[in-house]
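Here is how names work: the chains are called A, B, and so on, in the same order as the sequence lines, proteins then strands, and each is numbered from 1. Just so we're clear, the structure is a prediction, and the values are computed from it rather than from any experiment.
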Amino acid sequence: KNEVEQSPQNLTAQEGEFITINCSYSVGISALHWLQQHPGGGIVSLFMLSSGKKKHGRLIATINIQEKHSSLHITASHPRDSAVYICAGGNFGNEKLTFGTGTRLTIIP
Amino acid sequence: KAGVTQTPRYLIKTRGQQVTLSCSPISGHRSVSWYQQTPGQGLQFLFEYFSETQRNKGNFPGRFSGRQFSNSRSEMNVSTLELGDSALYLCASRSGFLSGSPLHFGNGTRLTVT
């Protein structure tokens, strides 16, 4: 059974701080997604990774396939980054994702 | 380009009724997937369709069903509604299964069962 574990559950930080959210996953997962969900429910796909590192603006996602671990980093955090961040594991070729429980991030001005 | 459109946005039903939710993917996207989000269980995969064929199904009872039409629009149906079916139902579309191709989510349909 595919499993995804995420930490921390909640994270509060001051504006400008460097943020790290962690995700561990089980055997059988070959693609790791990072999603952002704002109040109201809309979900935005941030990254899909199978190896290495991806960067988009202030967001960086890394994955270590040997350790089955991925991290999402936010540099120079801003209050608009406040959201729930969710990692999800799956495989290329299908959308059958297994989701982590999410990290609620609050950035205080 | 219009995003993924889900209708209706909100729905209130009573136990025992059935409900149909609709999802229109981004133009040109042939893959549509559905997910349920509840406070207790979080996000869970429901179904996945590609070119009118169900490719995968999550661990949900047979009361949950879906289909995809030739124009890639998809519907999901829940029969004999239970209180526990109250949830945010999200659909997502993707252009194909290319490596790195992102999922695009709709804003969801919030179903309340009373």
Side-chain angles (χ1 to χ4, degrees), chain A residues 1-7 9-10 21 23 25 28-57 59 61 63 65 70 72 83-104, chain B residues 3-6 8-10 23 25-26 29-51 53-60 66 68 74 87-112:
Chain A
K1 180 183 171 186
N2 291 347
E3 290 184 347
V4 175
E5 293 188 3
Q6 201 174 329
S7 64
Q9 277 195 310
N10 294 284
I21 299 169
C23 181
Y25 57 92
I29 288 173
S30 63
L32 202 290
H33 299 249
W34 282 101
L35 311 172
Q36 179 193 56
Q37 186 172 33
H38 280 283
I43 291 180
V44 174
S45 176
L46 299 174
F47 299 104
M48 186 173 76
L49 292 163
S50 59
S51 64
K53 175 180 174 177
K54 287 189 176 180
K55 185 176 188 292
H56 186 258
L59 301 177
I63 190 167
I65 50 181
S70 178
L72 176 69
V84 176
Y85 292 85
I86 302 165
C87 69
N91 290 285
F92 288 112
N94 72 69
E95 319 296 17
K96 190 174 182 179
L97 301 179
T98 301
F99 295 87
T101 52
T103 295
R104 184 174 300 277
Chain B
V4 177
T5 304
Q6 290 189 246
R9 284 298 309 277
Y10 302 93
C23 173
I26 290 173
H29 286 195
R30 295 163 64 192
S31 168
V32 174
S33 48
W34 289 89
Y35 306 90
Q36 182 199 61
Q37 186 175 36
T38 61
Q41 299 295 319
L43 274 161
Q44 297 183 88
F45 168 80
L46 277 159
F47 332 94
E48 173 195 351
Y49 290 90
F50 184 82
S51 293
T53 301
Q54 186 180 90
R55 299 181 78 243
N56 280 293
K57 188 177 195 298
N59 189 25
F60 280 82
Q68 186 181 34
S74 178
L88 179 66
Y89 290 87
L90 292 152
C91 83
S93 74
R94 193 201 292 261
S95 60
F97 299 110
L98 298 173
S99 172
S101 173
L103 275 172
H104 297 267
F105 285 84
N107 287 324
T109 293
R110 191 167 294 278
L111 172 65
T112 302

Heavy-atom count check: over 12 atoms from other residues, nucleotides or ligands less than 6.0 Å from B:Q54 CD? yes
B:Y35 versus A:L97: any side-chain heavy-atom pair under 4.5 Å? yes
To the nearest 0.5 Å, atom OG1 of A:T98 lies from atom CG of B:L43 at 11.0 Å
Value for CG (A:L35) from CZ (B:F105), rounded to nearest 0.5 Å, stands at 5.0 Å
Side chain / backbone / both / neither for B:Q44 at chain A, heavy atoms under 4.5 Å: backbone
Within 6.0 Å of CG in B:N59, more than 12 heavy atoms from elsewhere: no
A:K96 and B:K57 have their tightest heavy-atom pair at NZ-O, 3.8 Å
Could you tell me which portion of A:I86 (side chain, backbone, both or neither) has an atom closer than 4.5 angstrom to a non-hydrogen atom of chain B? side chain
List the atom of B:L103, the atom of A:S45, and the distance in Å for their closest heavy-atom pair. O-CB, 3.2 Å
Could you tell me the separation between the CG atom of B:N56 and the CG atom of A:N91, rounded to the nearest 0.5 Å? 9.5 Å
Output for pair (A:E95 CD, B:F50 CZ), nearest 0.5 Å, gives 10.0 Å
